[in-house]
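So the structure is just underneath, and the comments pick up after that.
Chain A is the first sequence line, chain B the second, and so forth, proteins listed ahead of strands; every chain is numbered from 1.
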Protein chains: 2
Amino acid sequence: MAKLAGVSISTASKALNGRDEVAPATRTRVLNAAARLSFRPNALARGLISGRTRTIGLLTDELGGRFSIPVLLGVENALANEQMSVLLCDARGDAIRRRHYIGTLLSRQVDGFIVLGDDNDLRPSLTGEIPVPVVYVYGESEDPDDLSVLADDEGGARLAVEHLVSLGRRRIGHITGPQTYRAARDRVTGTRAVLAEHGLTMAGGGPLHGQWTQRWGRHAARVLLATAPEVDAIFCGNDQIATGVADTLTDLRKRIPDDVAIVGYDNWEEFAADCRPPLTTVDLDLEDLGAAAARLLFDALDGRPAAGVVRHPCRLVVRESTAPVTP
Amino acid sequence: MAKLAGVSISTASKALNGRDEVAPATRTRVLNAAARLSFRPNALARGLISGRTRTIGLLTDELGGRFSIPVLLGVENALANEQMSVLLCDARGDAIRRRHYIGTLLSRQVDGFIVLGDDNDLRPSLTGEIPVPVVYVYGESEDPDDLSVLADDEGGARLAVEHLVSLGRRRIGHITGPQTYRAARDRVTGTRAVLAEHGLTMAGGGPLHGQWTQRWGRHAARVLLATAPEVDAIFCGNDQIATGVADTLTDLRKRIPDDVAIVGYDNWEEFAADCRPPLTTVDLDLEDLGAAAARLLFDALDGRPAAGVVRHPCRLVVRESTAPVTP
DNA sequence: TTGTACGCGTTATCAA
DNA sequence: TTGATAACGCGTACAA
C-alpha cells in the first residue's frame with residue numbers, strides 16, 4: 001500500500017493516523033492508495049505495540065436468562081461507541097470453565113472485564129485473578145473494593161407500592177419468588193418501607209414466597225384471597241406471577257383493576273403488554289445498566305477507578321392493570 | 001520467564017509448545033517457571049505470526065429477539081471446545097453499522113464470520129465484502145453459493161400435524177403469524193402437505209394469519225370456532241398464540257385436550273410449560289443449530305467449504321395439551 | 001539439545 | 001517533510 005502511494009511505510013502510517021508532520025499532497029496520495037486497496041490496519045500489530053487492544057472480555061454465567069441479554073446489549077452498544085469490541089464468554093456457572101475463560105481473555109490481552117451476574121445475589125470476587133480493571137454488573141461482588149453496578153430493587157418496589165398507595169389502595173398484598181433470591185428480599189424490604197410510611201400493613205400479613213412462575217401466581221392469588229378477601233391491590237415479584245394472579249382473579253370474577261389492582265415487575269414485554277389486562281410493571285432499564293457499567297469501565301481504563309455499589313434506578317411503566325379506586 | 005528457567009527464549013517456546021527437540025529436564029524447568037509466573041503466551045503476537053487468531057466474528061441484527069440467544073449460545077459453546085473465541089457485534093438491522101462492524105472484525109483478523117439472521121427470511125449476502133469464510137445461520141443468504149444453516153420449519157409443522165393426526169384428530173385448524181414471515185408460510189406448507197396426505201382439509205378453510213401474540217390467539221380462536229365449531233385440534237404458529245387460543249377455549253368452556261387439542265411452536269419454556277394446560281409444542285433446537293453452524297465454519301476454515309442450505313430438524317415436545325380423541 | 005537471527009504489521013524515535 | 005530503524009512477543013529455520 002505504501003508502495004502504491006510511492007512513500008515509505010512510516011510515512012504512510014503517519015498519513016493514515018492524521019499526524020500533522022506530513023505534506024498535504026502526500027497525505028491524499030496515501031489515503032487514495034489506502035482506499036483503493038481498502039486497506040485496514042492490523043489491530044493485532046497495533047495492540048502488540050500499544051499494549052491496548054480496545055477489547056474487553058464479557059464474562060457471563062447464564063446468557064440464557066432473559067436479564068443478561070439487555071445488559072449485554074447495553075454494554076455492547078456503549079463499547080461500540082468507543083470503537084471497542086467485546087469478547088463473549090459464557091461460563092455457564094462452572095468455576096473451571098470460568099477460570100479457563102479468564103485465562104483465554106487475558107492471553108488475548110483484553111483491556112478490561114465486565115462480569116455479568118446470573119442473578120443479583122452476591123458472588124465471589126474474581127478481581128484477584130485478573131490484573132486489569134473489572135466491573136461487576138447485575139450481580140454484586142462480595143468484595144466491597146470492587147465496583148458493582150446493580151438494579152435498584154428496593155427502589156423499584158418503592159415505585160410500585162407508592163403508585164398503588166397514590167391510587168387510593170390500602171389493602172396491598174405481595175406475591176413474589178423464593179426468599180433465597182436477593183431480588184425477592186430487596187423488593188419485600190422496599191414494599192414494607194412504603195407501607196410503613198403510610199401506616200399500612202401488608203394484606204395477608206406478609207409476602208407470599210414461591211416460584212417465579214405463572215403457576216405460583218395462580219395458586220398464591222387463591223391463598224391470598226382466602227386469607228385477606230378485602231385485598232384491593234397485589235404487587236407481584238415479576239410479570240409471570242402477575243399474569244398468573246390476573247388469571248386467578250378473572251377466574252374468581254374479580255375485576256382488574258376495579259376490584260383489585262395488579263403491579264408486576266420486569267416489564268417483560270411478551271407477558272406484561274399482552275396480559276389481560278396489560279400490566280403496570282417496573283422496568284429495570286437493563287440496557288441502561290449495561291451502558292453504565294461500560295462507562296464506568298472506561299473510567300477505570302482511563303485511570304479513574306471506582307469502588308463500591310452503584311444502584312441504577314428503575315422505571316414504573318403504567319398500563320391498564322392499575323387505576324384509582326372507584327368511589 | 002525464560003530467564004527464570006535459565007534458558008533462551010526460543011528453547012522456552014519449544015518447551016511450552018510441546019516440541020520434541022527439547023530435553024525432558026529442560027522442559028520441566030521451563031514448565032515450572034511458566035507456572036510460577038502464571039505465564040500466558042500473548043495471543044496477539046501469535047496471531048501476528050500465524051495469520052490465524054482463533055477468533056470468529058458473530059454478526060447479529062437483533063440480539064434482543066429470543067431466537068438469537070440460543071443460537072449464539074450454541075455457537076459459543078462449539079467454539080470454546082475448539083479453543084476459539086467470539087467477537088460479538090449487533091448491527092441492530094442498520095446497514096451502516098453492519099459495514100462498520102465488518103471492517104472492525106476484519107481489522108481484528110477474525111478467522112471467519114457467523115451471520116445470525118433476525119428472522120428466517122432471505123437476506124442479502126455479505127460474502128462479497130468478506131474475504132474469510134462466512135456461515136449464515138437462522139436467516140438464509142440470498143446467494144445460493146453461500147452456506148446457510150436453517151431451522152426446518154416445514155418439517156416442524158409436519159411433526160406437529162402428524163402428531164395430531166395420529167391422535168385421531170381430523171378437523172385441524174391453523175392459527176399463525178403474519179404471512180410476511182417465511183416461518184409462517186413454511187409452516188403452512190408443511191401443515192397443508194400432511195393434511196393432504198391424509199385426505200383432510202384445514203378446518204376453517206385455511207390458515208388464519210395475524211400477529212405472533214396471545215392477543216391474536218385469543219381473537220382468532222373465537223373466529224375459528226365460529227366458522228368451524230367442530231374443530232378438534234388447533235396447530236398454532238407459536239406458543240404465545242397457543243396460549244391465547246387456550247385462554248379463549250377455556251373461556252368458551254371447551255376442554256383441552258378432550259374437546260380440542262393444541263400444539264404450539266418454539267417451546268418457549270415460560271409460555272409452553274406454564275400454560276393451562278402445558279403445551280405440546282415444536283422445539284427448534286436452536287442451540288444445536290448454532291453448534292452446527294460453528295462446525296461448518298470450522299470445516300470451511302480447514303479448507304472444506306460447503307454451499308447451499310442445511311436444514312436442521314425440529315423436535316416435538318409432547319405435554320398435556322394433546323391427547324388421543326376420546327371415543 | 002540449545003541458542004541466534006529473522007519476520008509477522010504497526011508505531012515511535014530520530015536522522016536525513 | 002520524509003525514511004530508516006528499533007521494538008512489541010512470539011514461532012521457526014538454521015547454526016552452533
*Would you find a donor on one side and an acceptor on the other, under 3.5 Å apart, between the side chain of A:Arg311 and the backbone of A:Ala151?*
yes

_Using a 3.5 Å distance criterion without hydrogens, assess whether the side chain of A:Thr55 forms a donor-acceptor pair with backbone atoms of A:Thr53._
yes

*Has A:Leu37 got more than 12 heavy atoms of other residues, nucleotides or ligands less than 6.0 Å from its CG?*
yes

*asked:* List the residues meeting salt bridge (Lys or Arg N to Asp or Glu O under 4.0 Å) with B:Glu140, not counting sequence neighbours, and say none if there are none.
replied: B:Arg182

*Looking only at side-chain N and O atoms, does A:Arg19 come under 4.0 Å of OP1 or OP2 in C:dT11?*
no

*Starting from C1' on D:dT2, measure out to NZ on A:Lys14 and report it in whole angstrom.*
6 Å

*Does the pair A:Arg66/A:Asp266 count as a salt bridge with the N-to-O cut at 4.0 Å?*
yes

_Positions of residues 42-50 of chain B (non-hydrogen atom under 4.0 Å from DNA chain D), listed by number_ = B:Asn42, B:Ala45, B:Arg46, B:Ile49

*Taking CG from A:Leu16 and C1' from C:dT11, how many angstroms apart are they, rounded to a whole number?*
12 Å

*asked:* I'd like to know if B:Asp118 pairs up with B:Arg123 as an ion pair, taking the criterion as any Lys NZ or Arg NE/NH1/NH2 lying under 4.0 Å from an Asp or Glu carboxylate oxygen.
replied: no

*Among A:Val310, A:Leu289, A:Leu147, A:Leu150, find the one that has a side chain to side chain contact (heavy atoms under 4.5 Å, CB included) with A:Val137.*
A:Leu289

_Tell me if a side-chain donor or acceptor on B:Asp285 pairs with a main-chain N or O of B:Asp288 at a distance below 3.5 Å._
no

*Hey, does the side chain of B:Gln109 reach the backbone of A:Asn42 with a donor-acceptor pair shorter than 3.5 angstrom?*
no

_I need the residues from residues 2-13 of chain A with at least one non-hydrogen atom less than 4.0 Å from DNA chain D; give them sorted by number, or say none._
A:Val7, A:Ser8, A:Ser10, A:Thr11

*asked:* Between A:Lys14 and A:Asp20, does any NZ, NE, NH1 or NH2 come within less than 4.0 Å of an OD or OE carboxylate oxygen?
replied: no

*Round to the nearest Å and state the distance from A:Arg108 atom CZ to D:dC10 atom P.*
15 Å

*So, does B:Asp186 use its side chain to make a donor-acceptor pair with the main chain of B:Asp153 at under 3.5 Å?*
no

*Rounded to the Å, how far apart are A:Arg40 CZ and C:dT10 P?*
12 Å

*For the helix from C:dT1-D:dA16 to C:dA16-D:dT1, what angle lies between the axis at the first five pairs and the axis at the last five pairs, to 10 degrees?*
50°

_Using modelled atom types and a 3.5 Å cut-off, is there a donor and acceptor pairing between side-chain atoms of B:Thr104 and backbone atoms of B:His100?_
yes

*Restricting to pairs with a member in residues 36-55 of chain B, which pass salt bridge (charged side-chain N to carboxylate O under 4.0 Å, His left out), not counting sequence neighbours?*
none

*Tell me which residues in residues 21-34 of chain A put a heavy atom below 4.0 Å from DNA chain D, sorted by number, or none.*
A:Glu21, A:Val22, A:Ala23, A:Thr26

